[in-house]
Amino acid sequence: MTAQLPHPTQHPAEMPSPCSAEPRRTELPVLGQAPRERADAARNRIRLLDAATQLVREHGAQNVTMEAVADAACVGKGTLFRRFGDREGLMLALLEHAEEEYQRGYLLGPPPLGPGAEPLERLDAFGAATIRHLLCSMDLYLAADACASRRYTVPGGVLRVTHVAMLLRQAGAVGDVELVAQTLAGYLDPALVNHLRTQRGMSLERLEAGWRELVARAVAPLSPSR
């Protein structure tokens, strides 16, 4: 299947969804898309997610039950089910929470990851931040991995590609920048990062250096000294 970036006027959430029958777990958000909540509802949601996040860090996502989260948050299990529907809904909410914090860093945060730094600096920082983010939330990402035909249209993933393409253009990259951005984003695929880190035993430093080398090659024609 050929993956395409959205047209500049087309929001990532409006991309075609060839696996529309697939579970909602693959719908990672784009920052600012979440529906507005009452202040008290938002506070309760954050409290529940904080409790679940701590349990996932301590025991792994596969070992976290709804009962354990309810106990940790000091709420009834029924409250948790009403808020998130089921365990899958809770895991998706955890991943959405992590994704939104990560997006906030590169869209709105301080340089060099956020606006204000040179494009190549931001690309370097983006790759390092993404690898670290994926490793911190890896079991959640692997559990929510999209079906093969939908993987490239998940809004959060499309936003990454769009962001990389924007920085490549600002850095003066030539050629088919959209395809180059898609290729670079493939290096940041959760399953690949997990494979390189756990099965190939590659260090975090090596993975980050690999990203920087790919970026340097992508812009090399107009940046020979880099």
Side-chain angles (χ1 to χ4, degrees), residues 1-13 15 28 30-31 98-99 101-138 141-142 145-146 148-226:
M1 177 177 179
T2 301
Q4 294 181 332
L5 290 172
H7 187 274
T9 60
Q10 183 180 21
H11 196 281
M15 290 290 293
L28 297 182
V30 170
L31 189 64
E99 182 76 17
E101 289 299 312
Y102 152 72
Q103 290 175 4
R104 188 171 287 107
Y106 70 81
L107 293 176
L108 304 173
L113 180 59
E118 292 297 317
L120 290 182
E121 288 185 85
R122 293 192 67 192
L123 278 167
D124 286 350
F126 177 75
T130 300
I131 291 169
R132 290 169 184 264
H133 164 71
L134 292 176
L135 291 174
C136 286
S137 305
M138 185 57 72
Y141 274 98
L142 294 179
D145 195 19
S149 60
R150 192 178 187 175
R151 173 175 289 178
Y152 301 107
T153 60
V154 174
V158 173
L159 180 61
R160 288 181 200 172
V161 176
T162 304
H163 184 70
V164 170
M166 176 195 73
L167 293 177
L168 285 173
R169 290 190 180 95
Q170 291 176 354
V174 297
D176 195 330
V177 173
E178 290 186 354
L179 282 179
V180 173
Q182 188 72 67
T183 301
L184 285 173
Y187 182 81
L188 303 175
D189 176 73
L192 176 61
V193 171
N194 183 63
H195 168 73
L196 296 177
R197 187 76 176 90
T198 62
Q199 297 181 14
R200 296 293 305 278
M202 295 185 184
S203 67
L204 176 61
E205 292 74 19
R206 184 177 178 185
L207 294 180
E208 292 178 357
W211 168 263
R212 290 193 295 270
E213 182 176 350
L214 288 174
V215 168
R217 291 176 181 272
V219 299
L222 291 185
S223 189
S225 62
R226 183 173 168 79

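Atoms considered below: every heavy atom in the structure, side chains included; atoms not considered: hydrogens, waters and symmetry mates.
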Quick one: CE on Met202 to CD1 on Ile131, what's the gap to the nearest 0.5 Å? 11.5 Å
Taking all atoms of both residues into account, what is the closest heavy-atom pair of Gly116 and Pro111, and its distance? C-CB, 4.1 Å
Apply side-chain contact (heavy atoms from CB on, under 4.5 Å) to residues Arg132 and Glu208 and explain how you reach the verdict. CA-CA 9 Å; Arg132 290 169 184 264; Glu208 292 178 357; 2.6 Å; yes
Could you please spell out the steps behind the side-chain contact (heavy atoms from CB on, under 4.5 Å) verdict for His195 and Arg200? CA-CA 6 Å; His195 168 73; Arg200 296 293 305 278; 3.6 Å; yes
Verify, without hydrogens or angle tests, whether Arg212 (side chain) and Asp124 (backbone) share a donor-acceptor contact under 3.5 angstrom. no
Can you spot which of Leu123, Thr183, Val180, Val177 makes a side-chain contact (heavy atoms from CB on, under 4.5 Å) with Val164? Leu123
Using every non-hydrogen atom in the two residues, find where Glu99 and Gly156 come nearest and quote the distance to one decimal. OE2-CA, 4.0 Å
Let's go through Glu178 and Gln182 carefully: what are the C-alpha distance in whole Å and the side-chain angles of both, what is the deciding distance for side-chain contact (heavy atoms from CB on, under 4.5 Å) to 0.1 Å, and is it a yes or a no? CA-CA 6 Å; Glu178 290 186 354; Gln182 188 72 67; over 6 Å; no
Are the side chains of Leu184 and Leu168 in touch, meaning some heavy atoms are under 4.5 Å apart? yes
Which heavy-atom pair separates Val161 from Ala185 by the least distance, and what is that distance? CG2-CB, 3.5 Å
One pair to check against side-chain hydrogen bond (donor to acceptor under 3.5 Å, both in side chains): His133 and Tyr106. What are the steps and the verdict? CA-CA 12 Å; His133 164 71; Tyr106 70 81; over 6 Å; no
Nearest-0.5 Å distance that lies between atom OG in Ser137 and atom CD in Glu101: 10.5 Å
Output yes when a side-chain donor or acceptor of Tyr152 lies under 3.5 Å from a complementary backbone atom of Gly157, and no otherwise. no
For His163 and Leu107 the tightest heavy-atom approach is ND1-CD2, 4.2 Å
Lys/Arg N to Asp/Glu carboxylate O, Arg122 vs Glu118, below 4.0 Å: no
Report yes if the side chains of Asn194 and Tyr141 come closer than 4.5 Å at any heavy-atom pair, otherwise no. no
Between the CG atom in Leu196 and the OG atom in Ser203, the distance rounded to the nearest 0.5 Å is 11.0 Å
Shortest non-hydrogen contact from Leu159 toward Gln103: CD2-CD, 3.7 Å
Just to verify, what does Thr130 make a side chain to side chain contact (heavy atoms under 4.5 Å, CB included) with, not counting sequence neighbours? Tyr102, Phe126, Leu134, Arg160, Leu188
So, the side chain of Trp211 versus the backbone of Arg206: is there a donor-acceptor pair under 3.5 Å, distance only? no
For the student: nearest non-hydrogen atoms of Ala171 and Leu120, plus distance: CB-CD2, 3.7 Å
Test side chain to side chain contact (heavy atoms under 4.5 Å, CB included) applied to Ala191 - qualifying residues, sequence neighbours left out: Leu142, Asp189
